[in-house]
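What follows is a short report on a single structure.
In what follows, every heavy atom counts, from backbone to side chain, and hydrogens, waters and symmetry copies are set aside.
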Amino acid sequence: QVQLEESGGGLVQAGGSLRLSCAASARTFSSYAWGWFRQAPGKEREFVAAMTRSAGAKSYVDSVKGRFTISRDNAKNTVYLQMNSLKPEDTAVYYCAATLRVGITKVPSGYDYWGQGTQVTVSS
């Protein structure tokens, strides 16, 4: 069983930045591929970013390309989502997720473990 805990959310003005962190309890942290998703009120959970086990490949939804960066620190068992140039439409609850699948996974059903989510609110 892997436990994930997100942090770093909050209220920020448009154009600002936030860095989300996802601390994992996994003993074999490096064995997992990772993803970030978000869910706005009344909407389905949406893929934001993902990376492979080695972090050699990364993928982003078009709306965040060039603004968000997913990364990992194996020594700290932590995954990050750096979010720059934030827009009001980025407002949502953000979730990190872990999977043992190989490659990039962009659908929620492809992930085995989820965090509780952290709220990001971007004011205009």
Next item on the list: Could you walk me through whether Phe29 and Lys76 pass side chain to side chain contact (heavy atoms under 4.5 Å, CB included), step by step?
Entry: CA-CA 9 Å; Phe29 177 84; Lys76 296 182 177 180; over 6 Å; no
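- Taken from OG in Ser124 to CD in Gln13, the straight-line distance is 9.5 Å, to the nearest 0.5 Å.
- Separation of atoms OG (Ser7) and CD (Gln116) is listed at 8.5 Å; rounding is to 0.5 Å.
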Please set out all donor-acceptor pairs under 3.5 angstrom arising from side-chain atoms of residues 16-26, sequence neighbours excluded.
residue: Ser17; atom: OG; partner: Asn84; partner atom: OD1; Å: 3.0
residue: Ser25; atom: OG; partner: Gln3; partner atom: N; Å: 2.7
residue: Ser25; atom: OG; partner: Gln3; partner atom: O; Å: 3.4

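- Lys43 meets the side-chain hydrogen bond (donor to acceptor under 3.5 Å, both in side chains) test with no other residue; sequence neighbours excluded.
- Between Phe47 and Phe37, the two ring planes are perpendicular [angle over 60°; tilted spans 30° to 60°].
- Linking ILVMFWY side-chain heavy atoms closer than 4.5 Å, directly or via other members, places Tyr80 and Ile70 in two distinct hydrophobic clusters.
- Residues Met51 and Leu100 share a hydrophobic cluster, clusters being chains of Ile/Leu/Val/Met/Phe/Trp/Tyr side chains in contact below 4.5 Å.
- By the 4.5 Å heavy-atom criterion applied to side chains, Met83 and Val12 are not counted as neighbours.
- Considering only residues two or more places apart in sequence or on other chains, Phe68 meets the ring-ring contact (aromatic ring centres under 6.0 Å, His included) condition with none of them.
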Item to complete: Report the C-alpha separation of Val79 and Cys96 in whole Å, then their side-chain angles, then the decisive distance to 0.1 Å, and conclude whether the side chain to side chain contact (heavy atoms under 4.5 Å, CB included) test is met.
Response: CA-CA 8 Å; Val79 178; Cys96 68; 5.7 Å; no
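- Thr52 pairs by the side chain to side chain contact (heavy atoms under 4.5 Å, CB included) definition with Ser54, Ala57, Ile104, not counting sequence neighbours.
- Contacts classified as salt bridge (charged side-chain N to carboxylate O under 4.0 Å, His left out) and involving residues 97-123 (residues at least two apart or in different chains) are not found.
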Could you please spell out the steps behind the ring-ring contact (aromatic ring centres under 6.0 Å, His included) verdict for Trp36 and Tyr60?
CA-CA 9 Å; Trp36 284 94; Tyr60 302 89; over 10 Å; no
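- The 12-atom threshold is exceeded at NZ of Lys58, counting heavy atoms of other residues, nucleotides or ligands nearer than 6.0 Å.
- Residue pairs meeting the side chain to side chain donor-acceptor pair (under 3.5 Å) criterion with at least one partner in residues 85-97, sequence neighbours excluded, are Arg38-Asp90, Arg38-Tyr94, Arg67-Asp90.
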